[in-house]
K.L.:
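First the structure, which I've put down as C-alpha cells, then a few questions once you've had a look.
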Amino acid sequence: MPDEKKPYYITTPIYYVNDRPHIGHCYTTTVADVAARFARLLGRDVFFLTGTDEHAEKVVTTARERGHSPQEWADINAAEFVKAFDLMSIDYDDFMRTSQERHKARASAYIKQLMDSGDIYLGDYKGWYDPSQEEYLTETVAKEHDFKSPVTGKPLEERVEKNYFFRLSKYEARLHEALAKGDAGEEGGCRILPDARRNEVLGRLKQGLHDVPVSRAVKEGDADWGILMPGDPTHRVYVWIEALCNYLSAVDNTAAPSTVDAEGDRSRYWPPAVHVMAKDILWFHAVVWPAMLMAMGRELPAVVYAHAYFVAEGRKMSKSLGNFIEIDRLEAYSEWVVESERKQAEKEGREARPMGIDPVRWYLATQGPLGANDADFAHAKFVEVYNADLANGIGNCASRVGNMIEKYFGGVVPEASATNQDTQLEGWWQAAGGRVQGAFAQFNLELCTHLGLLFVNEVDGYINDTRPFSMAKQIDEDGVRERLGHVLYNCAEAVRIASLLLFPALPNKMAELWRAWDCSPLHDPADPNSGFKASLDELAAWGGAWSLKPGQKITKGPALFMRASVDEAHPGA
RNA sequence: GGCGAGGUAGCUCAGCUGGUUUAGAGCGGCGGAUUCAUAACCCGCAGGUCGUGGGUUCAAGUCCCACUCUCGCCA
C-alpha cells in the first residue's frame, strides 16, 4: 500500500451560468472526470473541481428580464449544471460558484495582494464605446463595423475611462521561462498541451505583452453583483480575472476564510496537475493566469490542456443554425432503449433497459477533440462506435465468458492454472499494463482507455484459439474439465483487469459488471463514485489479492451493451 | 493583413531526423471460417497518382521551390 498518495488536482473551467449546459460543457467535464478517475485508480489523492462563473453583467440583465434577483437566477442555472453533471456521472469533489462567500472573500484578498504589490494599478482605458448598447467594443470589432454601432449604425465614441490594470508585461520573460520549463518537463514549469496550442501561445507571446484591464467602472444603478475592487467601490473586478481565481480559492488555506476552517485543509492540492478547457480560453489560462500566480508568489499549474470543439453532424454548432447539442439530447441517448435490447428483454421476460449515459461518455472520451482538431458528434458515428467498441467489444466478450462459466461450471469461477502452462493473456497484460502509467502521465487518456479495449480483443482471440466451447463437448474426458477451467479462468480474469481500465470512461457499466461478477474493487459496489480499495497495480495483479477467486459466483446477467442499428428510431432527431 | 498547422485508402488518422521489403492502423464495406456469445467473435480482402507542378538525390509522403485548397491563432 502506498502510504503517501501524491495529490492530483484537476479542474474544468467554471461555466458561464447564463448558458444552458450543452455538449461542450459536458465534454470538458467528462474529460476531466475520466482523468480524475484514472488518477484515483492509479492511487493518487485526487481533487477534481468544477463550477459556475456567475458575476457577468449579462446575468443581472437576464435575471431582471425574468423577474429574478441575480442570485436567484444564478441559483436556478447553477442547479442546471449540477443536474447535467449528475446525468453525465461526473464525480467531482467540489462545485465552485463565484457568488459564494468563500470565493468572493478569497478572490478579493488576491486582488488586494496584487494592488499592494503594485502589480495592479489604476490607469486609463481607451476604447470604442457604443452608447446604444452601453458597452465597449474591441478595436477589431469597431474597425469591422467602420467605427459604427453594429446594432444601430450610429457612430461609436472613443472614450477614456479609469481602469485598474494588471502588469502583465512585467512577466513576459518569466512566462517564457516557465513555458520552456514546462516543455522540458521540468519542475515548476507550465506545459501547454496539445503542442499546436503551445505554439500559438508562443507565437503570440513573441509579439509582446500589454497590461490588461482587470476592472470595470461601477455605473449608476448597477446591481450589487460581483466583487468590488478592494478599497475602491467605484470599480468592480472584471469577471474574467475573478473567475480565474476560483482554482486557487477552492484549495487555498492562506486567504480568509481558509479552507482549513471551512472545507478542511486542501492546501496540499496546489499547484494543479492540470487545468482542462476548450481552446477559446487558452490565453487567459496559459498567460494571464500564470502571470497572476507569479505575481502572487504561487506555484504554476503543471499542465494547461486546451482541447478543440465538437461539431454537430459535420457542421459547426452555432446559435443561428440552432444545432447546439444540448444536455437534453445527451440525456435522450442515455434513455435510448435499442431494438435488440427490447426484443431480448421480451424473450427473457424482463424489463428492457436503456443504454445509460456510459455510451455517451465513451463517445466523448474516445472520439472527442482532445487534439488540436475539431471532432464530429454524428449519430451514425455514435452508433458505429457504440457497436464496435461497446456492444461487440467489452459487452459481447463479458457476455460470452460469463455464459460459458455459467453453462459449464454452474456460474462458479473454476480453478486457475497452477502449472503456469497458459500465459498468453497474463503475458499480454504484463507487457501492456505498464503503459498505463506512462500514457496517463502524458494525459493520453485515449491510450489508457484503448488499452482496456485491446485486452478485451485479446481475450476474444484467445477464446477462438483455445476453443473452450469445443472442449466442453468432451468435458468428461480425462483432464479436459480442468483445462477448460483454466482457459475460462484466464478469460474471466483478463476481462476483470480490462474492466479496471475501462472504468474511468464507463463507471456505471463496469460497476454493474463487478456486481454481477462479485468482484468490486470499489468500497461500495453499488456506488461507482466510491473510492478504490487499492491502486491499479494491486487491483490488476494477475492472480493477486484482488483477482477472481476460484469458487466465487459469477452471474451472467443481461448484456451490458446491446447492438444498436442506425436504422432504428433514435434520439438524434 | 501577420504568424502557424495541414492536405495519405469510403471515414478518422499513423508514418521521427529520406532507402526493412509489394505505403500502414482502426472503423465501415466485401468474402471465408466458426458457434460460447449481442447477425457477435476470428481469419482474409481494400490495389489509395501519399493536394498539383517542378527540383535535389543512386533513392522522397519523408528534403527544397512554386502553386492550390482547408484549418487554427492574432491584430
Side-chain angles (χ1 to χ4, degrees), chain A residues 137-144 192 194-210 278-283 286-287 306-309 311 313-314 316 338-345 347-348 353 355 363 366-378 380-409 446-447 450 453-454 456-473 475 484 487-488 491-492 495 556-567:
Chain A
L137 302 178
T138 65
E139 185 74 24
T140 323
V141 176
K143 206 182 207 171
E144 251 170 42
I192 300 172
D195 290 342
R197 296 271 104 85
R198 187 264 328 265
N199 292 342
E200 283 172 11
V201 170
L202 252 37
R204 194 170 159 190
L205 220 42
K206 250 180 240 158
Q207 293 165 19
L209 291 175
H210 301 289
K279 61 186 180 180
D280 55 334
I281 54 176
L282 175 60
W283 182 253
V287 174
H307 63 71
Y309 301 134
V311 299
E313 302 291 345
K316 195 168 269 186
V338 298
E339 273 310 310
S340 58
E341 162 68 7
R342 204 185 295 280
K343 282 182 196 152
Q344 186 65 27
K347 224 165 82 186
E348 293 173 13
R353 310 187 313 160
M355 65 169 61
Y363 190 90
T366 64
Q367 307 297 315
L370 210 47
N373 296 324
D374 291 351
D376 195 10
F377 191 96
K381 196 176 173 197
F382 177 86
V383 173
E384 267 182 27
V385 170
Y386 171 81
N387 283 335
D389 294 349
L390 303 181
N392 301 351
I394 177 62
N396 180 245
C397 188
S399 182
R400 67 198 298 211
V401 170
N403 187 61
M404 283 191 278
I405 290 179
E406 186 168 284
K407 218 160 163 177
Y408 309 146
F409 290 92
E446 279 153 328
L447 180 56
H450 193 61
L453 206 55
L454 283 178
V456 168
N457 292 345
E458 202 61 24
V459 174
D460 275 329
Y462 174 79
I463 293 174
N464 279 50
D465 292 347
T466 55
R467 304 180 57 81
F469 41 86
S470 296
M471 296 165 76
K473 288 179 182 141
I475 198 158
L484 173 59
V487 165
L488 290 182
C491 292
V495 168
K556 193 192 164 199
L560 295 171
F561 306 100
M562 289 298 283
R563 273 183 73 85
S565 161
V566 252
D567 301 323

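Throughout, protein chains are lettered first and strands after them, A, B, ... in sequence-line order, and every chain is numbered starting at 1.
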K.L.:
For Arg467(A) and U35(B), is the shortest distance between a side-chain N/O and OP1 or OP2 below 4.0 Å?
P.N.:
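For U35(B), OP1 or OP2 has a side-chain N or O of Arg467(A) closer than 4.0 Å.
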
K.L.:
Rounding to an integer number of Å, can you tell me how far Leu209(A) CG sits from C73(B) C1'?
P.N.:
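Value for this atom pair: 15 Å.
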
K.L.:
Strictly by Watson-Crick or wobble contacts shorter than 3.5 Å, is anything paired with A46(B), and which nucleotide is it?
P.N.:
none

K.L.:
State which residues pass salt bridge (Lys or Arg N to Asp or Glu O under 4.0 Å) with Asp280(A); sequence neighbours excluded, sorted by chain then number.
P.N.:
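Expected list: none.
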
K.L.:
Would you please confirm or rule out a distance under 4.0 Å between OP1 or OP2 of C41(B) and any side-chain N or O of Asn392(A)?
P.N.:
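Yes, within the criterion.
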
K.L.:
Mind calculating the distance between CG (Asn199(A)) and P (G4(B)) to the nearest angstrom?
P.N.:
10 Å

K.L.:
What interatomic distance, in whole Å, is found between C1' of C58(B) and the corresponding atom of G18(B)?
P.N.:
13 Å

K.L.:
Please check: side-chain N/O of Asn396(A) versus main-chain N/O of Ala391(A), any donor-acceptor pairing under 3.5 Å?
P.N.:
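No; judged by distance alone, with no hydrogens or angles, the pair does not exist.
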
K.L.:
Go through U38(B), G28(B), C73(B) for me and flag the one nearest to the Ala388(A) side chain.
P.N.:
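Between U38(B), G28(B), C73(B), the one nearest the side chain of Ala388(A) would be G28(B).
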
K.L.:
Looking at C67(B), which nucleotide sits across from it as a Watson-Crick or G-U wobble partner, both distances under 3.5 angstrom, or is there none?
P.N.:
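G51(B) is the nucleotide pairing with C67(B).
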
K.L.:
Does any nucleotide pair with C36(B) by Watson-Crick or G-U wobble geometry, both distances under 3.5 Å, and what is it?
P.N.:
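Its partner: none found.
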
K.L.:
Between Asp389(A) and Met562(A), who's closer to the 5' end of RNA chain B by nearest nucleotide?
P.N.:
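Looking at the nearest nucleotide for each, Asp389(A) comes out on the 5' side.
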
K.L.:
For the pair made of CG in Asn457(A) and C1' in C43(B), what is the distance, rounded to whole Å?
P.N.:
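The answer, rounded to whole Å, is 14 Å.
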
K.L.:
Does the distance from a Lys or Arg side-chain N to an Asp or Glu carboxylate O, for Lys381(A) and Glu384(A), drop under 4.0 Å?
P.N.:
no

K.L.:
May I ask which nucleotide in the shown strands pairs with A9(B), Watson-Crick or G-U wobble, both distances under 3.5 Å?
P.N.:
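A9(B) is paired with nothing.
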
K.L.:
Specify the separation, in whole Å, of atom CG of Asp460(A) and atom P of C42(B).
P.N.:
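Going from CG in Asp460(A) over to P in C42(B) covers 5 Å.
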
K.L.:
Give Ser340(A) one of three labels, base, sugar-phosphate or nothing, depending on what nucleic acid heavy atoms sit under 4.0 Å from its own.
P.N.:
nothing

K.L.:
Considering Watson-Crick and G-U wobble pairs with both distances under 3.5 Å, what does A59(B) pair with?
P.N.:
none

K.L.:
Heavy atoms only, 4.0 Å cut-off, all strands: where does Lys556(A) land among base, sugar-phosphate and nothing?
P.N.:
nothing

K.L.:
Considering only atom P, compute the distance from G32(B) to A25(B) and round it to an integer number of Å.
P.N.:
22 Å

K.L.:
Can you identify which nucleotide, out of C73(B), C36(B), C74(B), has its nearest atom closest to the Met404(A) side chain?
P.N.:
C36(B)

K.L.:
For Gly395(A), answer base if it contacts any base atom (sugar-phosphate contacts may also be present), sugar-phosphate if it contacts only those atoms, and nothing otherwise; contact means non-hydrogen atoms under 4.0 Å.
P.N.:
base

K.L.:
Counting side-chain heavy atoms from C-beta on, which of C74(B), C13(B), C36(B) comes nearest to Asn373(A)?
P.N.:
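Comparing C74(B), C13(B), C36(B) against the side chain of Asn373(A), the answer is C13(B).
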
K.L.:
Asp465(A) has an atom CG; how far is it from atom C1' of C42(B), in whole Å?
P.N.:
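For the pair Asp465(A) CG and C42(B) C1', the rounded distance is 8 Å.
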
K.L.:
Tell me the partner of C73(B), counting only Watson-Crick (N1-N3 plus N6-O4 or O6-N4) or G-U wobble (N1-O2 and O6-N3) with both under 3.5 Å; none if nothing fits.
P.N.:
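WC or wobble partner is G2(B).
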
K.L.:
Is G61(B) syn or anti, taking syn as a glycosidic angle within 90° of 0?
P.N.:
syn

K.L.:
Using the P atoms only, state how far A60(B) lies from U56(B), rounded to an integer number of Å.
P.N.:
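Between the two P atoms, the distance is 11 Å.
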
K.L.:
Lys279(A) has a side chain; which of U38(B), G72(B), C36(B) sits nearest to it?
P.N.:
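Selected nucleotide (nearest to the side chain): G72(B).
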
K.L.:
Under a 3.5 Å cut-off for both contacts, is C41(B) paired Watson-Crick or G-U wobble with anything, and if yes, with which nucleotide?
P.N.:
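When the pairing criteria are applied, nothing turns out to pair with C41(B), so the answer is none.
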
K.L.:
Once you measure the plane-to-plane angle for Tyr363(A) and Phe382(A), does it fall in the parallel (<30°), tilted (30-60°) or perpendicular (>60°) bin?
P.N.:
tilted

K.L.:
Take atom OH of Tyr363(A) and atom P of U12(B), then tell me their distance rounded to the nearest Å.
P.N.:
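After rounding, the reported distance stands at 11 Å.
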
K.L.:
Assign Tyr408(A) to base, sugar-phosphate, or nothing according to its heavy-atom contacts below 4.0 angstrom with the strands shown.
P.N.:
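Sugar-phosphate only.
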
K.L.:
Whole Å only: how far is the CG atom of Asp374(A) from the C1' atom of U70(B)?
P.N.:
13 Å

K.L.:
What nucleotide, of A75(B), U38(B), C36(B), holds the atom closest to the side chain of Ala559(A)?
P.N.:
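The answer is U38(B).
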
K.L.:
For Ile394(A) and Val495(A): C-alpha separation, side-chain torsions, deciding distance, then whether side chain to side chain contact (heavy atoms under 4.5 Å, CB included) applies.
P.N.:
CA-CA 8 Å; Ile394(A) 177 62; Val495(A) 168; 4.3 Å; yes

K.L.:
Taking only the P atom of each, what is the distance from C50(B) to A9(B) in whole angstrom?
P.N.:
10 Å

K.L.:
Compare side-chain N and O positions of Lys316(A) against OP1 and OP2 of G72(B) and report whether any pair is under 4.0 Å apart.
P.N.:
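Yes.
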
K.L.:
For the side chain of Ile463(A), counting heavy atoms from C-beta on, which of U38(B), C36(B), C41(B) is nearest?
P.N.:
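Minimum distance to the Ile463(A) side chain belongs to C36(B).
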
K.L.:
Write down the distance separating the C1' atoms in A46(B) and C11(B), rounded off to the nearest Å.
P.N.:
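Their C1' atoms lie roughly 13 Å apart.
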
K.L.:
With Arg467(A), which residues qualify under salt bridge (Lys or Arg N to Asp or Glu O under 4.0 Å), at least two apart?
P.N.:
none

K.L.:
Less than 4.0 Å between a side-chain N and a carboxylate O, is that true for Asp374(A) and Lys316(A)?
P.N.:
no

K.L.:
What contact category does Glu341(A) fall into here, base, sugar-phosphate, or nothing, at under 4.0 angstrom with non-hydrogen atoms?
P.N.:
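Nothing, no heavy atom under 4.0 Å.
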
K.L.:
At under 4.0 Å between heavy atoms, what does Lys381(A) touch on the DNA or RNA strands: base, sugar-phosphate, or nothing?
P.N.:
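No contact at all - Lys381(A) keeps every heavy atom at 4.0 Å or more from the nucleic acid.
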
K.L.:
In whole angstrom, give me the gap between the C1' atoms of A14(B) and G61(B).
P.N.:
12 Å

K.L.:
If you check the Asn396(A) side chain, which of G28(B), C73(B), U38(B) turns out closest?
P.N.:
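The closest nucleotide is U38(B).
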
K.L.:
Would you kindly give the CG-to-C1' distance between Leu282(A) and G4(B), to the nearest whole Å?
P.N.:
14 Å

K.L.:
Are any of Arg400(A)'s side-chain N or O atoms less than 4.0 Å away from OP1 or OP2 of C41(B)?
P.N.:
no

K.L.:
Can you tell which of G72(B), C36(B), U38(B) lies closest to the side chain of Ala391(A)?
P.N.:
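Between G72(B), C36(B), U38(B), the one nearest the side chain of Ala391(A) would be U38(B).
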
K.L.:
Is Arg204(A) touching bases, backbone alone, or none of the nucleic acid, heavy atoms closer than 4.0 Å?
P.N.:
sugar-phosphate

K.L.:
Measure the spacing between NZ of Lys407(A) and CZ of Arg400(A) and express it to the nearest 0.5 Å.
P.N.:
12.5 Å

K.L.:
To the nearest 0.5 angstrom, please state how far the CE atom of Met404(A) sits from the CZ atom of Phe409(A).
P.N.:
10.5 Å

K.L.:
With a 3.5 Å limit on both atom pairs, tell me what C16(B) is paired to, counting Watson-Crick and G-U wobble, or say none.
P.N.:
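Pair assignment: C16(B) / none.
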
K.L.:
In whole Å, measure the gap between the C1' atoms of U35(B) and U62(B) for me.
P.N.:
47 Å

K.L.:
Find which nucleotide of RNA chain B each of Glu348(A) and Gly461(A) is nearest to by heavy atoms, and output the residue with the more 5' nucleotide.
P.N.:
Glu348(A)

K.L.:
Measuring only the P atom in each nucleotide, how far is U49(B) from G24(B)? A whole number of Å is fine.
P.N.:
15 Å

